[in-house]
Every structure is written in C-alpha cells, then in structure tokens.
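For clarity, every value in this text was computed on a predicted model and none was experimentally measured.
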Amino acid sequence: MHTGNTQVRVRFAPSPTGYLHVGGLRTALFNYLFARKHGGTFILRIEDTDQKRSIPGALEELITTLTRTGLQHDEGPDVGGDYGPYIQSQRTDIYKQYIQQLLDSGKAYYCFCDEERINRIREEQRKRKRPPMYDGKCRDLPLDEIADKLAQGLPFVIRLRYPKEGKTVFDDVVRDRVAIDNSIIDDQVLIKSDGFPTYHFASVVDDHLMKITHVIRGEEWLSSVPKHIFLYESFGWEVPVFVHLPLLLNSDRSKLSKRQGDVSVESYLEKGYLTEALLNFIVLLGWHSADDREIYSLKELEDAFSLDRINKAGAVFDIEKLNWMGGQYIRTLDVGYIADQSRRFFEEAGIDISDNDKYLKVINTARDYVYCLSMIVEHARMFYDAVTFSEEDRDLIGQEDSRRIFSYWIEALEGQETWSPDDLSVLVKKAIGDLGIKGKNFYFPIRLALFGNCHGPDIPTLIDILGRDESVERLTNALHLEQ
RNA sequence: GUCCCCAUCGUCUAGUGGCCUAGGACACCGGCUUUUCACGCCGGCAGCCGGGGUUCGACUCCCCGUGGGGACGCCA
C-alpha cells in the first residue's frame with residue numbers, strides 16, 4: 001500500500017436519496033479513520049447523477065447528520081476544496097470532455113438500442129440460462145450511420161467497449177487477489193440517454209481528478225472493479241488501492257435493508273442514541289483490534305484503526321449490542337454532557353427542567369436505566385410530574401402501616417432544614433427502628449408515595465432529588481389519598 | 001442460471017501450523033451487592049460447516065462439497 005510517499009486522499013460518496021444508511025455511516029467512518037490515521041484528506045462527494053432518485057433537501061440533511069456524528073470532511077460541497085465541484089450533477093461538462101476521449105480512442109461507443117430491445121434480449125438470455133448482457137448490436141456501427149442517427153436526434157447512450165477476452169486480476173486490501181473473466185463483463189452504459197453519467201464512469205473520473213488514493217467502499221462494488229480498472233487504464237491513469245468492506249447484514253444474513261428495523265442514522269440519532277456509541281458499535285462490525293478492547297472514542301479509533309484488520313465476512317447488525325453500547329456511554333460520559341444531550345427530550349415532553357441542580361441529579365439517577373436518551377424521560381418524569389397510582393397502589397398506600405410511615409416521614413423531614421444523602425441514609429435506618437417496619441413493607445409504600453412506583457432509586461436519592469418541600473407534599477398527598 | 005466473495009459460540013469477533021483444554025464482548029442463565037428495580041461485580045452455558053488431503057502436528061495451508069451473501073440496471 002502506498003501510504004508512505006503518497007498523501008492519502010479518500011472519499012465518502014453517497015447519493016442524496018433521503019437518509020443516511022447505517023452501512024453508509026460505516027463506510028464513511030472507515031474512510032474518515034483511515035484519512036485521520038495517515039494525516040490524509042477525507043472528502044465528501046455527492047453522487048446525484050440519477051435525477052429520479054435525488055431528493056431535494058437530502059444533501060443538507062446528509063451533511064448535518066455526518067457533522068453531528070463528528071465525521072467532519074475536509075473537502076466537500078459545503079466546505080469547498082481545490083477539486084470541486086463536489087456534486088456530480090455540477091460536473092457534467094467534465095464528464096462530457098472525458099467521454100469524448102473514450103469515444104475518440106474507441107474505448108466507448110454510441111448505442112441507439114432502446115430499452116425495450118435491451119429488456120427483450122436480456123429476458124431471452126435469462127431463459128437460455130446465460131448471464132444477461134448487451135448483445136453488441138451497436139458495437140461496430142459504421143461512422144456514417146452513427147453520424148446520421150446523431151443528426152436525426154435519435155436518443156442514445158454511450159457504452160464501454162469492454163474486451164471480450166482475457167481476465168482481469170486485481171488486488172484488494174481486504175480480499176487479496178481477485179480474478180474475473182472479461183467475457184462476463186458487460187458493455188456498461190457510461191452516459192445515459194439523459195446525458196448524465198452512470199456511477200461507474202463518474203466515480204472513476206472523479207476519483208482520478210480528486211486524486212483519490214484509496215477507494216474504500218462496500219463489497220457490492222467488487223464485481224464491477226474490472227470495468228473501473230479498464231477505464232483507468234484507457235485513460236492512462238493510475239489505479240487507486242481498492243478496499244472492499246464486508247456487507248452489513250440483517251439478522252437473516254441478507255444485505256441490511258429497512259425491511260427489518262431501522263437503518264437510517266437519523267432515526268437512531270432521533271431516538272437519542274449517542275453518536276459515540278453508534279460509531280463505536282459500528283466500527284466493530286468488520287473491524288477489531290488485535291486485543292480484546294472494544295470501547296473506543298472516535299479520537300482513539302483514529303489512532304487504533306488499520307485497514308489490515310478489516311474482516312472479510314459480512315456482519316449482522318445486532319441491535320442488542322448497540323443497546324448495550326449505548327447504555328455504557330450514557331452511564332460513563334460526563335453527566336453534564338448527557339444532561340445537555342437529553343434536554344430536547346424533556347422539552348418535547350413539556351417538562352420544566354429550569355432547576356439545573358435538580359436536573360443534573362435526575363439525569364445522574366435516570367441514566368442507569370436507559371440505552372438511548374429518548375428513554376430517559378420516562379425514568380425521570382416522576383421527579384417532575386405529580387405521581388399517579390393504580391388500584392393496587394392505592395390499596396397499599398391506604399394501609400395502616402403505610403400511613404404510619406408517611407406521618408413519620410412528614411414529621412421527620414419538616415424538622416430537618418438541610419441534609420446530605422448520608423444524613424438521609426441515617427434517617428432511613430432510624431425510621432425502620434422507630435416504626436418497627438422493615439423490608440418491602442417499609443420501602444414500597446414510601447417509594448410509591450415519592451416516586452409513584454415500588455421499584456426505582458433508593459429513598460435517600462429520591463428525597464435528595466425532590467427536595468424537602470416536594471417530598472413532604474407527596475407524602476402528605478399519599479396520606480390523604482381518597483380510597 | 002452465470003460470475004465473484006465469504007464461512008470460529010445465537011450475534012460481533014481473537015486466532016496466520018504446536019502457545020487452543022479455542023480467548024473476549026453482546027444476549028441468555030446463575031450468584032453477589034441492593035429494601036426493590038436498574039447499575040456494578042463474579043461465575044456459567046455455548047462455536048472451529050462437512051469430507052478428503054499436506055504435515056510429526058491442523059481452527060489455521062490445499063482440494064472438493066455444502067451453506068450463505070453479492071453482482072449480473074440508461075440505481076448507486
């Protein structure tokens with residue numbers, strides 16, 4: 001791999017078709033990490049040559065999402081760079097110029113066959129159990145006939161004149177050496193009848209012009225590498241290093257699709273999965289360090305990552321492990337940061353979190369229960385909203401022992417101006433002794449009164465978060481609850 | 001169908017001929033901690049797809065099967 005003397009330049013080249021796929025995020029991540037590791041350049045290029053599929057606004061959302069995850073690109077449509085434009089639909093003049101070269105050198109040819117004919121011959125080939133390919137009808141059209149058809153304004157495409165003999169052998173960092181027979185490679189359409197280039201043509205031209213050194217992309221592109229190499233060689237350009245990443249899979253091991261659960265990065269972010277967790281989880285799908293370490297920050301990955309530890313086999317996207325990872329980060333990261341990230345969910349729920357001391361305490365307690373931030377509200381709202389009780393709860397609250405506990409605590413708290421959580425622990429022990437009630441009989445009623453649930457944080461934590469007045473009020477409400 | 005790629009616990013993976021009685025993580029199960037739940041800690045269950053070679057010795061190398069996936073678009 002020529003990473004020593006060449007300046008590393010890699011690109012992430014998505015299509016703006018609506019949302020960022022988690023597989024796309026992983027491709028972007030691997031490109032980003034490789035660039036950072038080698039002090040290289042990470043480029044964002046937008047492949048919007050299919051007008052039918054391009055969605056307005058998708059480009060902006062894509063950039064927003066990528067930026068949110070921290071995978072900041074060095075060159076791209078929004079930040080510029082020396083090799084722009086970075087949006088393919090703005091590069092049509094460039095493609096025209098290069099396709100002409102191919103036409104002139106005989107490496108490409110005009111094809112006037114319409115889609116009906118193409119479909120028909122493909123169908124026949126399929127029936128005959130042959131690989132469906134263009135039959136070469138226009139491959140050797142006389143020049144005057146071409147000129148004539150062009151003059152008539154007949155619709156056309158431009159195809160690659162791919163050699164029928166020999167085989168193409170190439171090296172891939174992940175797959176090692178791959179050999180493919182040329183006879184099975186089709187005369188790929190390079191320029192569509194609408195004048196736009198296809199992926200194969202545009203990406204090769206752009207990768208060359210943008211001085212891309214390493215093409216890191218999904219394995220679904222492996223079988224088209226011969227076409228790409230043929231293009232590079234036809235132009236006399238240096239072929240980049242290929243790195244074909246193993247696919248991300250559904251649990252049934254088919255290519256990850258939106259069939260089974262969420263595949264859009266936006267939806268995970270929307271649910272409040274931390275980008276730290278998402279990235280950490282996703283890098284482990286197809287890459288692993290030599291030791292047993294699994295938790296890495298993006299910064300740490302920039303150092304630890306290397307292409308030679310990428311796996312060959314596809315990896316199932318296992319949400320269970322993502323969830324675990326999500327919980328790890330929510331519990332480990334600075335509580336202030338988690339609080340900031342959680343803020344929007346509280347606002348959406350209409351909860352007033354203006355008391356910041358209280359809010360931080362709430363977050364610090366509630367974060368033990370969740371793996372994404374949208375979940376945190378349901379574990380925190382009892383600290384803000386009035387508690388509600390089920391029929392069963394009311395039975396327990398109404399019992400004699402429960403009422404004794406409430407009265408005791410109301411009195412105890414009213415006599416106490418300030419406290420630390422430790423003081424409260426002492427108070428709990430004293431209460432148990434004084435009342436002669438212990439275990440669940442003691443804890444469940446009071447937790448119910450304070451928190452609205454028999455299960456949850458310990459009593460000192462609850463009282464500490466609620467504060468004296470709110471605690472007393474809740475206990476009083478429970479004491480006077482209508483049966 | 002054709003071509004290409006792949007193959008270690010259910011899942012993500014470590015392992016590059018003897019360090020393997022196959023290691024770690026998730027999930028699952030059990031225990032501890034806790035008044036409870038969660039967290040945390042400790043422990044357990046579970047795997048080299050099959051068959052041939054090569055070798056003194058194969059998870060590791062080769063071949064053949066089998067299985068899975070991808071590509072075969074005027075989509076990327």
Practice task
Using the closest heavy atom to pick a nucleotide of RNA chain B for each, name whichever of A/Lys52 or A/Ala179 lands nearer the 5' end.
Solution key: A/Ala179
Could [X] and [Y] be called an ion pair, given the rule that one side-chain N must be under 4.0 Å from one carboxylate O?
X	Y	answer
A/Arg161	A/Asp140	yes
A/Arg404	A/Asp401	yes
A/Lys312	A/Asp176	yes

Practice task
Searching all strands shown, indicate the nucleotide that pairs with B/rA71 (Watson-Crick or G-U wobble; both distances under 3.5 Å).
Solution key: B/rU2
Practice task
Any strand is fair game: report the nucleotide pairing with B/rA7 by Watson-Crick or G-U wobble, both distances under 3.5 Å, or none.
Solution key: B/rU66
Practice task
Look at the side chain of A/Tyr369 and the base of B/rC37, then say whether one donor and one acceptor between them are separated by less than 3.5 Å.
Solution key: yes
Handout entry: Polar pair under 3.5 Å, donor/acceptor by atom type, side chain A/Ser193, base B/rC74
Key = yes
Roughly how many Å apart are [M] and [N], using the [atom1] atom of each and rounding to a whole number?
N	M	atom1	value
B/rG40	B/rU34	C1'	11 Å
B/rC64	B/rC74	P	34 Å
B/rC41	B/rC19	C1'	30 Å
B/rU8	B/rA46	C1'	12 Å

Exercise for the section: Go along nucleotides 41-50 of chain B 5' to 3' and tag each nucleotide: B for a protein heavy atom under 4.0 Å from its base, S when only backbone or sugar atoms are that close, - otherwise. Expected result: ----------
Fill in the blank from the handout: Protein heavy-atom contacts under 4.0 Å, written 5' to 3' over nucleotides 7-13 of chain B as B (base), S (sugar-phosphate only) or - (none), form the string S---SBS
Exercise for the section: Please check if the side chain of A/Thr198 supplies one atom and the backbone of A/Val189 the other of a donor-acceptor pair under 3.5 Å. Expected result: yes
Problem - Evaluation steps, side chain to side chain contact (heavy atoms under 4.5 Å, CB included), between A/Ser342 and A/Tyr359 - result: CA-CA 10 Å; A/Ser342 303; A/Tyr359 180 56; 3.4 Å; yes
Exercise for the section: Starting at CZ of A/Arg126, measure out to CD1 of A/Ile121 and round the result to the nearest 0.5 Å. Expected result: 11.5 Å
Handout entry: Within residues 323-333 of chain A: residues closer than 4.0 Å to RNA chain B (heavy atoms)
Key = A/Trp324, A/Gln328, A/Arg331
Completion exercise
Atom CG of A/Asp308 and atom P of B/rG15 are separated, to the nearest Å, by 10 Å
Exercise for the section: Scan A/Tyr199 against the nucleic acid and name what it touches under 4.0 Å (heavy atoms): base, sugar-phosphate only, or nothing. Expected result: base
Practice task
Identify whether any heavy atom of A/Val189 sits under 4.0 Å from a base atom; if not, whether one sits that close to sugar-phosphate; answer base, sugar-phosphate or nothing.
Solution key: sugar-phosphate
Handout entry: Qualifying residue, where the test is side-chain hydrogen bond (donor to acceptor under 3.5 Å, both in side chains) with A/Asp207 and the options are A/His214, A/His228, A/Arg11
Key = A/Arg11
Practice task
Please confirm whether A/Phe281 and A/Tyr273 have ring centers closer than 6.0 angstrom.
Solution key: no
